[in-house]
Amino acid sequence: MSGEYSALLSKRALNALKWARKAFEEGDCDTAVREAEYAVQLYIKSIIYRVLGEEARGHNLRELLGILASALIEEGFEEEAKELVDYIRKHRRELAELTEAHTRAVYGLIEFGRRETEMLLKIAESIISMLGNLEVKVFGKEV
């Protein structure tokens, strides 16, 4: 289990989330959505690396969370993995929306509105908060 690279990814994730919120406040909803989704991707990958010492590839949030759940099981954290799988099942729709939002924000024909962007930002913040709690359970503290 490695800390330096994981800490760098985590830092980048939290910075992306901060910039997402700033972009939203400035009225740039597409950038806000793109950065929010990217923040979640990076945070998941930081924990995967922390658990396995290996980089995870891919962009789909549910798939990345599935990789994380498998990694937790592999390392003996069955209860934490079960909680994560339950979270994935319960929030399937939100995870899919946030994953798709990245593509729509970059290539979509219609810009995101404030209401939808605010909802997606809250989803991203909620996921990162849940992952932070997971880190505390697994490692005793965040990076």
Side-chain angles (χ1 to χ4, degrees), residues 1-75 77 80-143:
M1 295 186 211
S2 179
E4 283 184 38
Y5 183 61
S6 176
L8 179 60
L9 290 179
S10 179
K11 176 183 170 186
R12 289 174 178 165
L14 296 176
N15 282 336
L17 190 59
K18 178 180 74 173
W19 285 109
R21 185 53 73 180
K22 184 171 176 55
F24 176 72
E25 290 167 3
E26 293 179 3
D28 186 354
C29 292
D30 286 350
T31 298
V33 167
R34 187 187 69 234
E35 289 299 306
E37 188 276 341
Y38 188 56
V40 174
Q41 257 192 71
L42 286 174
Y43 207 95
I44 297 167
K45 289 176 180 182
S46 77
I47 300 173
I48 292 169
Y49 192 85
R50 195 168 179 196
V51 172
L52 293 178
E54 298 175 11
E55 291 183 54
R57 301 283 183 208
H59 305 286
N60 184 293
L61 299 179
R62 288 186 310 190
E63 288 177 15
L64 290 169
L65 288 169
I67 291 168
L68 177 55
S70 295
L72 290 169
I73 291 169
E74 187 176 313
E75 295 299 318
F77 297 102
E80 291 81 0
K82 181 187 178 313
E83 290 175 19
L84 181 57
V85 169
D86 290 345
Y87 182 93
I88 295 166
R89 286 185 182 133
K90 183 177 180 185
H91 298 279
R92 178 179 305 275
R93 189 185 100 259
E94 293 96 334
L95 290 163
E97 286 178 20
L98 190 56
T99 297
E100 179 60 28
H102 181 107
T103 303
R104 279 188 47 215
V106 176
Y107 303 106
L109 297 173
I110 300 170
E111 292 180 300
F112 279 91
R114 289 194 64 77
R115 178 182 286 166
E116 188 175 16
T117 302
E118 178 68 24
M119 177 198 67
L120 290 166
L121 279 170
K122 287 180 180 177
I123 291 168
E125 290 165 345
S126 173
I127 296 166
I128 288 175
S129 175
M130 176 274 300
L131 291 169
N133 292 334
L134 176 70
E135 275 188 295
V136 170
K137 288 179 183 178
V138 172
F139 299 103
K141 63 177 181 158
E142 293 181 56
V143 175

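Each residue takes its place number in the sequence, starting with 1. These numbers were taken from a predicted model, which means no experiment stands behind them.
- Rounded to the nearest 0.5 angstrom, S126 OG and L131 CG are separated by 9.5 Å.
- From E63, atom CD reaches atom CZ of R57 across 15.0 Å, with rounding to the nearest 0.5 Å.
- Scanning all heavy atoms of the two residues, the minimum distance from A39 to A16 falls at CB-CB, 3.8 Å.
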TODO: Using the side-chain contact (heavy atoms from CB on, under 4.5 Å) rule, take K137 and E83 through it: C-alpha gap first, then chi angles, then the decisive distance, then the call.
DONE: CA-CA 11 Å; K137 288 179 183 178; E83 290 175 19; 2.5 Å; yes
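- For the pair I48 and A56, the tightest heavy-atom approach, listed with the atom from each and the gap, is CD1-CB, 3.7 Å.
- Shortest non-hydrogen contact noted between I88 and G66 is CD1-N, 4.1 Å.
- Few gaps surround CZ on F24; more than 12 heavy atoms of other groups in view lie less than 6.0 Å from it.
- Taking the six-membered ring for Trp and thresholds of 30 and 60 degrees, Y5 and Y49 have ring planes more than 60 degrees apart, a perpendicular arrangement.
- Contact detail for A20 and A36: the closest heavy-atom pair is CB-N, 3.6 Å.
- Rounding to the nearest 0.5 Å places CD of E37 at 9.0 Å from NE2 of H59.
- The side chain to side chain contact (heavy atoms under 4.5 Å, CB included) with L95 is formed by just one residue from the set N60, L65, V40, L64; it is L65.
- A salt bridge does not link R21 with E25: none of the charged nitrogens is closer than 4.0 Å to a carboxylate oxygen.
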TODO: Test M130 against L84 for side-chain contact (heavy atoms from CB on, under 4.5 Å), laying out the working first.
DONE: CA-CA 9 Å; M130 176 274 300; L84 181 57; 3.9 Å; yes
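- A distance of 14.0 Å separates CZ of F112 from CD of E118, quoted to the nearest 0.5 Å.
- For the atom pair CG of L134 and CD1 of I128, the computed distance is 13.0 Å after rounding to the nearest 0.5 Å.
- The side-chain heavy atoms of R12 and K45, taken from C-beta on, include no pair separated by under 4.5 Å.
- Of all heavy-atom pairs between R114 and G27, the closest is NH1-CA, 3.9 Å.
- No more than 12 heavy atoms of other residues, nucleotides or ligands lie within 6.0 Å of CD in E111, so this atom counts as exposed by the packing criterion.
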Task: Worked check of side-chain contact (heavy atoms from CB on, under 4.5 Å) between L52 and E75 - done: CA-CA 8 Å; L52 293 178; E75 295 299 318; 4.0 Å; yes
TODO: Show your working on side-chain contact (heavy atoms from CB on, under 4.5 Å) between K82 and D86 and close with a plain yes or no.
DONE: CA-CA 6 Å; K82 181 187 178 313; D86 290 345; 3.1 Å; yes
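- Minimum interatomic distance between S6 and R50 (heavy atoms only, all atoms of both residues): OG-CB, 3.4 Å.
- Here the side chain of S10 pairs no donor or acceptor atom with the backbone of A7 at under 3.5 angstrom.
- Taking CG from L98 and CG from L121, the interatomic distance works out to 9.0 Å, rounded to the nearest 0.5 Å.
- Side-chain contact between H102 and V106 is present, with at least one heavy-atom pair separated by less than 4.5 Å.
- A donor-acceptor pair under 3.5 Å is formed between the side chain of T99 and the backbone N or O of L61.
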